[in-house]
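Down below is the structure, laid out as structure tokens.
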Number of protein chains: 2
Amino acid sequence: MSLELTPVQAVACCSPLAREPLSLPDAEGIAPLLKALADPVRLRLMSMVASHEGGEACVCDLNDAFELSQPTISHHLKILHEVGLLDREKRGVWVYYRARTEALQNLAALIGGQAA
Amino acid sequence: MSLELTPVQAVACCSPLAREPLSLPDAEGIAPLLKALADPVRLRLMSMVASHEGGEACVCDLNDAFELSQPTISHHLKILHEVGLLDREKRGVWVYYRARTEALQNLAALIGGQAA
DNA sequence: TGTAAATATTTACATATGTCTATGTCTTTG
DNA sequence: CAAAGACATAGACATATGTAAATATTTACA
């Protein structure tokens, strides 16, 4: 167990952007989460997993949805997993990723939350 | 008038991530917005402007809040302005940036919106 | 008009990022 | 146990990014 918070945990700690100035440590904790989402391929991957039935999808399905190499998709999934936006579970030969929707909601609350 | 949508306009066009898979064009339109926010300095700048009274702030105040060079802050403000997250207005010698809160809310709705 | 102040632009550079090819690991099954 | 399939990791490379120094632009005012 690390004492460091994952970006997903960090995002729950702050009041909305428009409410009070974000501190440097908070900003440094949250930026990686946004960075993970700030790529067209990862945005689509996240959306595909989150909108898939059960909120999870197999890598085998995701690979076929892009004209990118399998290692590239694996790389992007790893980034989303590392910041805590996707959970990972291996079942037999296949790997399933599951969207952490509460993380998305925390992030949304931070970005769009009312000022007061 | 350009036929291209700014990222801020693009974000209003899509249903939430968890509702249906984001198309490639939509993802390419939205990613720049997230990219603009996905930096600790720009996150803080955005938060400082948005939480400032009147939703706007003078560059002179923002410069002092960071231990970064003036051109660097100017560069970050430009990025936030270009994607449409900040409006820019010059008054005399000073330049004021204003947060487009409806853009932040659209983005939040896209990220955290309910699946159905 | 000329000088100072506020902000932007240009240029340069070290580091980060997205992608691919090649290879490794793990699981199933013949 | 060997071979095949699913996914991850390592290494390499071109491009993008964050930053600063130097310079330009714009505005106010003496």
Side-chain angles (χ1 to χ4, degrees), chain A residues 7 22 24 27-49 52 56-98, chain B residues 7 22 24 27-49 52 56-98:
Chain A
L22 208 59
L24 175 58
E28 285 175 339
I30 293 161
L33 245 187
L34 288 162
K35 218 170 185 177
L37 278 181
D39 175 274
V41 174
R42 291 196 292 270
L43 254 189
R44 292 183 72 202
L45 281 170
M46 192 70 206
S47 180
M48 283 181 187
V49 174
H52 201 269
E56 70 173 19
C58 173
V59 174
C60 52
D61 297 326
L62 301 172
N63 276 329
D64 297 344
F66 295 85
E67 301 200 339
L68 292 169
S69 70
Q70 172 265 318
T72 294
I73 299 300
S74 185
H75 166 71
H76 286 303
L77 289 170
K78 183 182 184 179
I79 288 174
L80 290 168
H81 174 59
E82 281 174 345
V83 299
L85 285 171
L86 289 181
D87 276 338
R88 193 172 169 276
E89 187 183 354
K90 187 164 188 175
R91 298 188 209 139
V93 187
W94 294 280
V95 172
Y96 292 80
Y97 283 91
R98 172 178 294 272
Chain B
L22 208 59
L24 175 59
E28 286 175 339
I30 293 161
L33 244 188
L34 288 162
K35 218 170 184 177
L37 278 179
D39 175 274
V41 174
R42 291 195 293 269
L43 253 188
R44 292 182 72 201
L45 282 169
M46 192 70 207
S47 179
M48 283 180 186
V49 174
H52 202 268
E56 70 173 18
C58 173
V59 174
C60 54
D61 297 327
L62 300 172
N63 276 329
D64 298 342
F66 295 85
E67 300 201 338
L68 290 169
S69 70
Q70 173 266 319
T72 295
I73 299 299
S74 185
H75 165 71
H76 285 303
L77 288 170
K78 183 182 186 181
I79 288 175
L80 289 168
H81 174 59
E82 281 174 345
V83 299
L85 284 171
L86 289 180
D87 276 338
R88 193 173 169 277
E89 187 184 355
K90 188 163 188 176
R91 298 188 208 139
V93 187
W94 295 279
V95 172
Y96 292 80
Y97 283 91
R98 172 177 294 272

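Order of the sequence lines sets the chain letters (A, B, ...), proteins ahead of strands, with each chain counted from 1. As a basis for the values below, the full set of heavy atoms in this structure was taken, side chains included, without hydrogen atoms, waters or symmetry mates.
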Where the side chain of A:V59 is concerned, which of D:dC7, C:dT17, C:dT19 is the nearest nucleotide? D:dC7
Which side-chain N or O atoms in residues 84-93 of chain B pair as donor and acceptor under 3.5 Å with protein atoms at least two apart or in another chain?
{"unit_1": "B:D87", "atom_1": "OD1", "unit_2": "B:R100", "atom_2": "NE", "d": "3.1"}
{"unit_1": "B:D87", "atom_1": "OD1", "unit_2": "B:R100", "atom_2": "NH2", "d": "3.3"}
{"unit_1": "B:D87", "atom_1": "OD2", "unit_2": "B:R100", "atom_2": "NE", "d": "3.4"}
{"unit_1": "B:R88", "atom_1": "NE", "unit_2": "B:Y97", "atom_2": "OH", "d": "3.2"}
{"unit_1": "B:R91", "atom_1": "NH1", "unit_2": "B:E56", "atom_2": "OE2", "d": "3.3"}
{"unit_1": "B:R91", "atom_1": "NH2", "unit_2": "B:E56", "atom_2": "OE1", "d": "2.9"}
{"unit_1": "B:R91", "atom_1": "NH2", "unit_2": "B:E56", "atom_2": "OE2", "d": "2.8"}

A:I79 has an atom CD1; how far is it from atom P of D:dA8, in whole Å? 13 Å
Classify the nucleic acid contact of A:F66 as base, sugar-phosphate or nothing, counting any heavy atom under 4.0 Å across all strands shown. nothing
Any pair with a residue in residues 58-70 of chain B that passes side-chain hydrogen bond (donor to acceptor under 3.5 Å, both in side chains), sequence neighbours left out, goes on the list, sorted by first then second residue, please. B:S69-B:T72
NA contact type, A:H75, heavy-atom cut-off 4.0 Å: base, sugar-phosphate, or nothing? base
Nucleotide nearest A:N63 when distance is taken to its side chain, options D:dC7, D:dA8, C:dT19: D:dC7
Taking atom P of D:dT17 as reference, at what distance in whole Å does atom CG of B:L34 sit? 14 Å
Can you list the stems that include DNA chain D, where a stem is three or more consecutive Watson-Crick or G-U pairs with distances under 3.5 Å? C:1-30 with D:1-30
Sequence neighbours left out, what pairs pass side-chain hydrogen bond (donor to acceptor under 3.5 Å, both in side chains) with at least one residue falling in residues 28-43 of chain A? A:R42-A:H76
Its contact letters, B for base, S for sugar-phosphate only and - for none at protein heavy atoms under 4.0 Å, make nucleotides 20-30 of chain D read BBB---SSS--
Less than 4.0 angstrom between a side-chain N/O of A:K35 and OP1 or OP2 of C:dA16, yes or no? no
